[in-house]
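Keep in mind the model is a prediction, meaning the values are calculated, not measured. To find a chain, count down the sequence lines: A is the first, B the second, and so on, and within it residues start at 1.
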2 protein chains.
Amino acid sequence: MVEVKIENVVASSLISREIDLEKLSCLIPDSEYNPDEHQAMLIRLKEPKSAVFLLQNGKLVCTGMKSLEEAERVVRNVCGMLESSGIKTYKEPKIEILGIVASVDLGREIDLEELREEGVIYNPEEFPGLVYRIKEGVIMVFGSGKLVCIGRKEEELKENVEKLVRNWGLENAKNRS
Amino acid sequence: MVEVKIENVVASSLISREIDLEKLSCLIPDSEYNPDEHQAMLIRLKEPKSAVFLLQNGKLVCTGMKSLEEAERVVRNVCGMLESSGIKTYKEPKIEILGIVASVDLGREIDLEELREEGVIYNPEEFPGLVYRIKEGVIMVFGSGKLVCIGRKEEELKENVEKLVRNWGLENAKNRS
DNA sequence: TGCTTATACAAAGACCTTTTTAAATACTTT
DNA sequence: AAAGTATTTAAAAAGGTCTTTGTATAAGCA
């Protein structure tokens with residue numbers, strides 16, 4: 001059984017009808033807002049460690065979290081900050097998980113030159129990882145036996161890893177003996 | 001007792017009265033000679049593994065060797081190549097060792113921020129190693145406990161390492177207990 | 001006088017490469 | 001008008017490049 005470790009979650013939420021970013025950026029210490037470069041205001045949270053984009057139309061995009069639960073806490077924290085700054089936010093805003101990045105250690109080395117499956121791209125001069133695209137996302141395979149998996153649903157992502165390991169015969173050598 | 005491992009030797013020698021580089025570069029396979037970029041002709045040897053610069057005035061500079069003995073073999077090999085190409089070389093040319101680079105593993109980690117000796121420069125944003133200049137050369141100290149030592153004489157270099165270890169109290173923790 | 005060019009070499013840390021995703025504004029091309 | 005490109009953020013993987021230090025050589029340039 002391979003362990004799939006979630007390293008990054010991207011989420012979005014509609015938290016308010018409208019946000020005056022000029023005003024808010026003055027009230028939130030250490031926030032960044034440069035409308036000439038980017039339309040969003042950036043807040044970096046320490047707990048959960050994350051980066052939060054706020055848009056004028058009340059939308060929020062956040063990234064850097066390690067779990068779906070952390071995403072919820074980030075949204076909750078930011079809503080609290082806005083309320084404290086005199087901006088009304090929605091009660092229990094709906095959170096959408098946009099993407100998940102996870103890492104896997106298969107505990108064995110892999111000869112990437114041998115893998116010839118459909119959907120595989122491997123240009124070692126360009127990038128040391130082998131890129132495998134599937135309908136639900138991407139899995140990058142490294143010679144060390146580590147994987148980087150990208151998808152939108154945690155359960156789906158885990159299934160795709162197990163399928164890859166089984167179909168490509170990448171079980172850990174220990175498990176074979 | 002710390003082991004000092006020589007990684008690179010730079011040496012020079014006057015091996016001939018004069019060398020016609022244009023002619024020689026045509027006779028020596030895989031040599032490089034582009035007078036517009038650099039006045040020297042470059043020969044890379046496989047055994048000993050090294051790079052050799054030849055100048056029109058008969059001077060030779062070579063680098064990449066792992067010992068003084070290898071420097072001697074390089075000079076001897078190049079003289080043989082020149083003689084085979086119809087260029088007279090001196091008998092037993094004098095070889096000068098210009099510099100030696102060595103690595104040392106102290107087998108313990110070091111807190112570089114603590115080291116406050118005179119002659120020490122440590123700017124971790126610029127370079128992760130601490131640079132310690134002494135009269136006879138330079139010793140770079142890394143947090144991993146590894147050193148890179150630069151000097152001109154092998155014995156002197158070894159003495160300087162021992163002095164640094166003793167004076168800075170950097171003996172391996174194992175040797176202390 | 002000082003810097004550049006080129007060569008080898010060790011150390012370790014930074015940065016780059018690739019992949020995914022939302023947001024919305026600006027700019028360019030079709 | 002539509003499509004495409006660019007901007008910013010986080011994270012993992014591993015391979016490459018760069019940083020620093022010393023050294024000879026000699027020609028070119030400021």
Side-chain angles (χ1 to χ4, degrees), chain A residues 5-12 32 34-40 42 44 49-57 59-66 96-105 121 123-129 131 133 137-144 146-152, chain B residues 5-12 32 34-40 42 44 49-57 59-66 96-105 121 123-129 131 133 137-144 146-152:
Chain A
K5 180 181 179 190
I6 300 187
E7 304 283 357
N8 184 37
V9 174
V10 184
S12 73
E32 294 174 30
N34 306 292
D36 296 329
E37 293 177 16
H38 199 241
Q39 81 287 354
L42 173 66
R44 287 189 177 87
K49 183 170 182 293
S50 56
V52 182
F53 285 123
L54 287 180
L55 283 298
Q56 188 264 336
N57 64 6
K59 289 190 180 179
L60 168 159
V61 176
C62 56
T63 184
M65 299 78 68
K66 295 284 187 187
E96 183 183 1
I97 301 299
L98 300 167
I100 298 175
V101 178
S103 66
V104 177
D105 187 353
I121 298 178
N123 297 307
E125 320 87 39
E126 180 181 294
F127 186 70
V131 180
R133 291 179 201 285
V138 174
I139 299 179
M140 294 191 282
V141 185
F142 296 85
S144 62
K146 295 192 178 181
L147 314 179
V148 172
C149 320
I150 295 156
R152 305 196 71 151
Chain B
K5 180 182 180 191
I6 300 187
E7 305 282 358
N8 185 40
V9 173
V10 183
S12 71
E32 292 174 31
N34 306 290
D36 298 328
E37 294 176 16
H38 198 242
Q39 79 287 352
L42 173 66
R44 286 190 179 85
K49 183 169 183 293
S50 55
V52 181
F53 285 122
L54 286 179
L55 283 298
Q56 189 264 338
N57 63 6
K59 291 189 179 179
L60 169 158
V61 176
C62 57
T63 182
M65 299 77 68
K66 296 286 187 183
E96 184 183 0
I97 302 298
L98 300 167
I100 298 176
V101 178
S103 67
V104 177
D105 187 353
I121 297 179
N123 298 307
E125 320 85 42
E126 182 180 289
F127 186 70
V131 180
R133 293 179 202 286
V138 173
I139 300 180
M140 294 190 281
V141 185
F142 296 84
S144 63
K146 295 192 177 179
L147 314 179
V148 173
C149 320
I150 295 158
R152 305 195 72 151

Using the test side chain to side chain donor-acceptor pair (under 3.5 Å), find all partners of [X] that sit at least two apart in sequence or belong to another chain.
{"X": "B:S12", "answer": "none"}
{"X": "A:Q56", "answer": "A:E18"}
{"X": "B:E7", "answer": "B:K66, B:S103"}
{"X": "B:T63", "answer": "B:N8"}

Starting at [atom1] of [X] and ending at [atom2] of [N], how long is that distance when rounded to a whole Å?
{"X": "A:M65", "N": "D:dA10", "atom1": "CE", "atom2": "P", "value": "12 Å"}
{"X": "A:E32", "N": "C:dA23", "atom1": "CD", "atom2": "P", "value": "21 Å"}
{"X": "B:K5", "N": "C:dA8", "atom1": "NZ", "atom2": "P", "value": "18 Å"}
{"X": "A:K66", "N": "D:dA11", "atom1": "NZ", "atom2": "C1'", "value": "6 Å"}
{"X": "A:D36", "N": "C:dC27", "atom1": "CG", "atom2": "C1'", "value": "15 Å"}
{"X": "B:R44", "N": "C:dC9", "atom1": "CZ", "atom2": "C1'", "value": "14 Å"}
{"X": "A:L55", "N": "C:dA26", "atom1": "CG", "atom2": "C1'", "value": "15 Å"}
{"X": "B:E125", "N": "C:dC15", "atom1": "CD", "atom2": "P", "value": "11 Å"}

Regarding A:K49, tell me which of base, sugar-phosphate or nothing describes its non-hydrogen contacts under 4.0 Å with the strands shown.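 If one applies the 4.0 Å heavy-atom cut-off, A:K49 turns out to touch the sugar-phosphate alone, with no base involved.
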Reported CE-to-CG distance for the pair A:M140 and A:L147, which is rounded to 0.5 angstrom: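 Interatomic distance, A:M140 CE to A:L147 CG, rounded to 0.5 Å: 10.0 Å.
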Name all residues meeting the salt bridge (Lys or Arg N to Asp or Glu O under 4.0 Å) criterion together with [X]; count only those two or more places apart in sequence or in a different chain, and write none if there are none.
{"X": "B:R133", "result": "none"}
{"X": "B:K49", "result": "none"}
{"X": "A:E126", "result": "none"}

When you get a sec, tell me which of [options] is the closest nucleotide to the side chain of [X]?
{"X": "A:E7", "options": "D:dA26, C:dT7, D:dA11", "result": "D:dA11"}
{"X": "B:S103", "options": "C:dA12, C:dA10, C:dC9", "result": "C:dA10"}
{"X": "B:L42", "options": "D:dT8, C:dT7, D:dA10", "result": "C:dT7"}

Is the shortest heavy-atom distance from the side chain of B:V101 to the side chain of B:V148 under 4.5 Å?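 Result yes, sub-4.5 Å side-chain heavy-atom pair found.
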Protein-nucleotides 27-29 of chain D N/O pairs under 3.5 Å:
none

Please list, pair by pair, any protein nitrogen or oxygen found under 3.5 Å from a nitrogen or oxygen in nucleotides 20-24 of chain D.
| residue | atom | partner | partner atom | Å |
| --- | --- | --- | --- | --- |
| D:dT21 | OP1 | B:R133 | NH2 | 3.0 |
| D:dT21 | O3' | B:R133 | NH1 | 3.1 |
| D:dG22 | OP1 | B:R133 | NH1 | 2.6 |

